[in-house]
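Everything below concerns the one structure shown next.
Whatever order the structure lists ligands and atoms in, that order sets their numbers, starting from 1.
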Amino acid sequence: MKINKSFLVLFSVLLLSNSLGAQEGYKPTQENLENRQWFQDAKFGMFVHWGVYSVLGGGGDPGIAEWIMQNKKIPIKQYEKLPSFFNPVDFDAAEWVRMVKDAGMKYITITTKHHDGFAMYDSKISDYNIVDKTPYGKDIIRMLAEECRKQDIKLFFYYSQLDWHHPDYYPRGRTGQGFTGRDESGDWDAYLDYMNGQLTELLTDYGPIGGIWFDGMWDKKDADWKLGTTYQLIHKLQPGALIGSNHHVKPYPGEDFQMFEQDLPGENTTGWQGSHISQLPLEMCLTINGSWGFNLMDQNHKSPKELVHMLVKSAGRNANLLLNVGPMPNGQIQPEHKASLKAMGDWIAENGETIYGTRRGIVAAEDWGVSTQKGKKLYLHILDWDKDVLLVQPFKEKVQSVVFFKDKSKVSHRLDKYGLLLEIPKNKKDGVDTIIEITLK
Ligand code: FHN
């Protein structure tokens, strides 16, 4: 097929224009690469969706929380009343971080600004923030950052690129149209400068952070977000900070990890995920009930068993689990979620060795469960299997020993060309995760 010259030029410009949007030629620093390792070893973090929307608690509708401004079409003029009665007097950063540690989590990712545009920190470039607009008047992000440093927990900042409040977020995207009361005009580049300005505050006023968790690009898929400028800025201010963006497509140059929302990597029950699983560190974010922000009516709480299974299944697919809570407007975590986090912590206290620092094992994810591995130690996590024998195939490795992780007692097994046949008597089964520890030769 004869390719004419103009097609070649067009093709190369398209290629160039597409990627120019991001940080072309990005080379992560040694510190960044070490932080990626840390991230993959950490395996478990807490996501926090907290904002003035928490005051409304979903307005009695179990399906709404942090999207109430959009879903109830609340104009800015009305929504701006909310901060005046956001007063989380029971917020205790030390208690939150202790709860995170007791749950076996290694980091926190908190909303510094969500789609409603309200800053949960003391922004100097917008007075639409927790210090200037609420009776509480304190910078909860600073309080949390200090406590995380004290208790050796890393802190990541969620930042929404989508903004239903800023007048220059224009042209509007799929959301925030027609009800906010903003003029049908605006300067997109001024909005990007504003965003980079707030990111500069977050990356210079709160000490070293774990990274930035972007969200909202999907609102204006075809816009020129000038990601290269933003990613370069972040990697200049904190080269070790990990950038991830929940845009649901193949990661762009400049990104340091890839997230999946409410889906295990490779799965797509939500219909959002692209199918691309990159070589970057992976993370799955999950609601602990059916909502990200606090929702009074949402009783769809996942059981501790379901939550442990999601942690294990994520680890078996080389991904972290970022488990979300939506704090109440008084600053407390609701009791059902405190209890579930405690239960996860109890499980991890006994079985953390088979999760932390591991990677996906040589045995691929199956209906019965997954495997995790650290060097010659291979852990089979049998999550859903009611039979007394399990044939793991293919299994080509030579084994030195096969024991139940819990009590190190021997597992009767046979290894042949069909695979590894394991006997799992009822009294050895665990109601949540029957872990078999295999030492490879
Ligand atoms: O719209 C947001 C939503 O509010 C929440 O922040 C989740 C978290 O992953 N992300 C978006 C939905 O894809």
For each nitrogen or oxygen atom of ligand 1, which protein N/O atoms lie closer than 3.5 Å, and how far apart are they, rounded to 0.1 Å?
residue  : atom   : partner : partner atom : Å
ligand 1 : 1 (O)  : Trp67   : NE1          : 2.8
ligand 1 : 1 (O)  : His115  : NE2          : 2.7
ligand 1 : 4 (O)  : Glu66   : OE2          : 2.6
ligand 1 : 4 (O)  : Trp67   : NE1          : 3.1
ligand 1 : 4 (O)  : His114  : NE2          : 3.1
ligand 1 : 6 (O)  : His49   : NE2          : 2.7
ligand 1 : 6 (O)  : His114  : NE2          : 2.9
ligand 1 : 6 (O)  : Tyr158  : OH           : 3.3
ligand 1 : 6 (O)  : Asp215  : OD2          : 3.3
ligand 1 : 9 (O)  : Glu261  : OE1          : 2.9
ligand 1 : 10 (N) : Asp215  : OD2          : 2.6
ligand 1 : 10 (N) : Glu261  : OE1          : 3.1
ligand 1 : 13 (O) : Glu261  : OE1          : 2.7
ligand 1 : 13 (O) : Glu261  : OE2          : 3.1

Item to check | Ring centre gap for His114 and Tyr158 strictly below 6.0 Å | outcome: yes
Next on the checklist: Please tell me whether Asp183 and Tyr170 have a donor and an acceptor in their side chains that are separated by less than 3.5 angstrom.
Outcome noted: no
Checklist entry - Between the side chains of His381 and Thr372, does any donor sit under 3.5 Å from an acceptor? => result yes
Checklist entry - How are the rings of Tyr194 and His166 set to each other: parallel, tilted or perpendicular (split at 30° and 60°)? => result tilted
Item to check | Main-chain N/O of Asp90 paired to Gln332 side chain as donor or acceptor, under 3.5 Å | outcome: yes
Item to check | Pairs where residues 326-348 contributes a residue and the test salt bridge (charged side-chain N to carboxylate O under 4.0 Å, His left out) is met, not counting sequence neighbours | outcome: Glu95-Lys338, Lys342-Asp346
